[in-house]
Each structure stands twice: as C-alpha cells, then as structure tokens.
Amino acid sequence: MILVTGGTGFIGSHTSVELLREGFEVLIADNLSNSYADVIDRIEEITGKRPFFERTDLSNSEETDLLFEKYPKIEAIIHFAASKAVGESVEKPLLYYKNNLNSLMNILENMKRHSVKNLVFSSSCTVYGEPDELPVHERSPIKIANSPYGNTKQISEEIIQDVAKVSSEINFISLRYFNPIGAHPSALIGELPLGIPNNLIPYITQTGYGLREALKVFGDDYNTPDGSAIRDYIDVVDLSRAHIISIKRLLNHKNKANFEIFNLGTGTGSSVFEVIRTFEKVCGQKINFKVVGRREGDIEKVWADTRYANEELGWKAEKTLGQSLKTAWDWENYYRKNLEKK
C-alpha cells in the first residue's frame, strides 16, 4: 500500500491515477483544505479502481498517529500535503510553517514507529531562490528563500537529510518540481484552486472561460526578452510518472543513497507572455490581461537542468507547453459544464 498525502489535490490526484494503473494499492489522506472529496470518484472513473480515503489533518499529530495505526500495511509514502501558494505564504507565514513542517515531522515520526522505510517528498525549485546560473542543476546552491513557502521546502529537506543521517534503514527521494501545469487527458481531474488562483495557468483558463475579468501579469520589467517572468512549465502527467519511477526505485532498492534529489522540469523556460500567446493559439481563446506590479516572493527566471533525472531515473518530460495548456483548457470547460453545480 502506498500512502499519498494530499492525494485529492492537483498533483496528488494525478499521481494516484498512475499508481492505481501500475497495480499499487493506494491510500489517500487529505484534509480537503484546497480540494474536494469527489476527486476520489473521478479517480475511480478513470482507473476503474477506488483508492482508500481518509480525511486527515496531517499537521495534527493525533490524527496522523491514528491513520498509521489504522493502516499497518503502508510500504511507502508520497508526501504532497502542503500549503503551496507563494503569495499567500508571504501574507500568512505561520500558517505555512505550521502546516508544512508539522505534517512532515508527524509523518517521519510514524515512519520510525511503524517501520515504513520509503518516502518520496514533494519539493520545489523554490529552494534555489534566484539562481546565479541557468539552467539549475541539483548541485546549484540553495539560496535564502524568497518566500515562507520556499523556506518550508528548504527546511523540510534539511529535516529529511538529518533524519537520513541517523536512520540508514529509511530511504528518501526529494523531487524538486519546477512549474506543474495541464490536466489529465480525460478532463476528469485537473488543477482546481479554491478562490482566486495563485498560479498562472488556472488564472488563464478561468479568464478564458469568463470567470475572471482579466489576468494579472505581475511585472513586465524583468530582465528577460519580453520583460515578464520565465518559468519551466512541466505537464502534471509527466510529473506524476516520475513519482511512480521513484517509488519503484525505492521499493526495488535501486537508490544509490538513502537521500537522493532530482530536478523535474522540461529544461526549457517560457515567459508569461509566451504562455498567454501559446494558450491563445492552441485553444483559440483570447485572454484579456493587465500588467500590474511585481508580486512579492516571485523570482525573475528559472528553468531546470534535467540531465540527472533523465539519466539516473530514466525519466523525461514528454508533453509540449501547447499540449499541457490544451488539457488545462479542456479540464476547465469540463468542470464548469459538468461538475461545478454538483
């Protein structure tokens, strides 16, 4: 059994689909703070298999203890559960430290207590801050975090590293994501933020659908070719596949150390204006936007050096930016027309 924390969320739900398709038994634990329980039904619709589900707040030690006691057959954990919006973390730092760090520590304590020996951690390229050199590789220096969210990822990796040093029997892989986008090709699951989106793509799709008057572009005065910030956008299904490979690597004892780190991206950066133009071309939908001031916590440009993940994991991103934007748009339309009123 694989425990997927935050499994009704964006990346967690897609990874749960891939796990079920690979024949794994899946237990999803989520407090539904930024997702909906009916995602479980749609995971089942896609795969024909229903994951176990527990509504659990992993930042609460008692609830976490009860989860592990109820499910003694957990072999490995993929830990997604975390608050993840950069801008919100600047406004609510204590919320982010409490949720993101306590949940990890509660899980690590229960791993020791229940002899669970494998964990894949959902990390982020935010640990690199504003990089000195591009592309960013796994040996790039860790910078002072630009946001409390980024700092929680740095601290979490430090906690894992310290535990790994004294617990050689437990194995960890930290996957540093760049910018996940897109949706499942079935259009049954996708990114669905509660309230006003903090991420670019759902803001674009909601604007295209008419839910938002205009997309806010946070700054057009960066030192980039068109002035807008540059990110490495990776398709969520490609990203999910990397988690399956990582879990198999740990379960089959193919890891070369008990704490490994991999960058997950496409190796290519795209600016905000490039993303808008690509969306308009691929989806045939004009996007109204307005440029506003820079957002605190944002960095100028970042994209991944993916060679280590490509060679060591045997994984590579396959979807193009246009393909990912099209699936995100299909999901937006399907949700608004079929699921929103349920």
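Neither Leu250 nor Met111 shares a network with the other; the hydrophobic side chains, linked directly or stepwise wherever heavy atoms of I, L, V, M, F, W or Y lie under 4.5 Å apart, form separate groups for each. Under a hydrophobic clustering in which Ile, Leu, Val, Met, Phe, Trp and Tyr are joined whenever their side-chain heavy atoms come within less than 4.5 Å, directly or via other members, Ile247 and Val17 fall into the same cluster. Hydrophobic clustering (side-chain heavy atoms under 4.5 Å, transitive across Ile, Leu, Val, Met, Phe, Trp, Tyr) groups Leu313 together with Val236. No continuous path of hydrophobic side-chain contacts links Ile245 to Ile261 [ILVMFWY only; heavy atoms under 4.5 Å].
With a 6.0 Å radius and a threshold of 12 heavy atoms from other residues, nucleotides or ligands, Glu296 has its CD atom at or below the threshold. Residue Leu95 places its CG atom among more than 12 non-hydrogen atoms of other residues, nucleotides or ligands, all under 6.0 Å distant. Crowding of Lys92 atom NZ: a count of heavy atoms from other residues, nucleotides or ligands under 6.0 Å not exceeding 12. Counting heavy atoms of neighbouring residues, nucleotides and ligands inside a 6.0 Å radius, atom CZ of Arg307 does not exceed 12 of them.
In this structure, Asn199 contributes its side chain and Ile201 its backbone to no donor-acceptor pair below 3.5 Å. The closest donor-acceptor contact from the side chain of Thr5 to the backbone of Ala81 lies under 3.5 Å. Looking only at distances, a side-chain donor or acceptor of Arg42 sits under 3.5 Å from a matching main-chain atom of Leu188. Looking at Asp235, its side chain never comes within 3.5 Å of a backbone N or O of Gly182 through a donor-acceptor pair. Of the possible polar contacts, none joining the Ser123 side chain to the Arg176 backbone as a donor-acceptor pair under 3.5 Å is found.
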>> Walk me through whether Met1 and Val26 qualify under side-chain contact (heavy atoms from CB on, under 4.5 Å).
In response: CA-CA 6 Å; Met1 175 179 282; Val26 175; over 6 Å; no
>> Using salt bridge (charged side-chain N to carboxylate O under 4.0 Å, His left out), reason through Lys73 and Glu25 one step at a time and then give a plain yes or no.
In response: CA-CA 10 Å; Lys73 295 183 179 180; Glu25 191 175 38; over 6 Å; no
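Salt-bridge check for Glu157 with Lys153: failed, with every basic side-chain N at 4.0 Å or more from each acidic carboxylate O. Under the 4.0 Å criterion applied to side-chain N and carboxylate O atoms, Lys316 and Asp238 are not assigned as salt-bridge partners.
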Side chains of residues 115-122: which donor-acceptor partners sit under 3.5 Å, not counting sequence neighbours?
residue: Asn118; atom: ND2; partner: Glu75; partner atom: O; Å: 3.4
residue: Ser122; atom: OG; partner: Tyr177; partner atom: OH; Å: 3.2

Would you list the atom pairs, donor with acceptor, under 3.5 Å between side chains in residues 7-15 and any protein atom, with sequence neighbours excluded?
residue: Thr8; atom: OG1; partner: Asp30; partner atom: OD2; Å: 2.8
residue: Thr8; atom: OG1; partner: Ser35; partner atom: OG; Å: 2.6
residue: Ser13; atom: OG; partner: Gly9; partner atom: O; Å: 2.7
residue: Ser13; atom: OG; partner: Phe10; partner atom: O; Å: 3.0
residue: His14; atom: ND1; partner: Phe10; partner atom: O; Å: 2.7
residue: His14; atom: NE2; partner: His184; partner atom: N; Å: 3.0
residue: Thr15; atom: OG1; partner: Ile11; partner atom: O; Å: 3.0
residue: Thr15; atom: OG1; partner: Ser240; partner atom: OG; Å: 3.3

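Taking 4.5 Å as the limit, some side-chain heavy atom of Lys256 sits within range of a side-chain heavy atom of Arg249. Ser16 places none of its side-chain heavy atoms less than 4.5 Å from the side chain of Pro51. Using a 4.5 Å heavy-atom threshold, the side chains of Arg295 and Lys216 count as separate. When side chains are defined from C-beta on, Asp65 counts as touching Arg113, because their heavy atoms get closer than 4.5 Å. Within the 4.5 Å cutoff, the side chain of Glu169 has heavy atoms near those of the Lys112 side chain. Within the 4.5 Å cutoff, side-chain heavy atoms of Leu108 are placed close to those of Phe172.
Ring geometry for Tyr149 versus Tyr96: interplanar angle over 60°, hence perpendicular rather than tilted (30 to 60°). Between His243 and Phe80, the ring planes are tilted. Angles from 30° to 60° get that label.
With sequence neighbours excluded, no residue forms a salt bridge (Lys or Arg N to Asp or Glu O under 4.0 Å) with Glu45. Residues passing the side chain to side chain donor-acceptor pair (under 3.5 Å) test with Gln154: none are found, sequence neighbours excluded. Annotation: side-chain contact (heavy atoms from CB on, under 4.5 Å) contacts of Glu300 (sequence neighbours excluded): Glu130, Tyr222, Asn223, Thr224. In this structure, Lys254 has no side chain to side chain donor-acceptor pair (under 3.5 Å) partners at least two apart in sequence or on a different chain.
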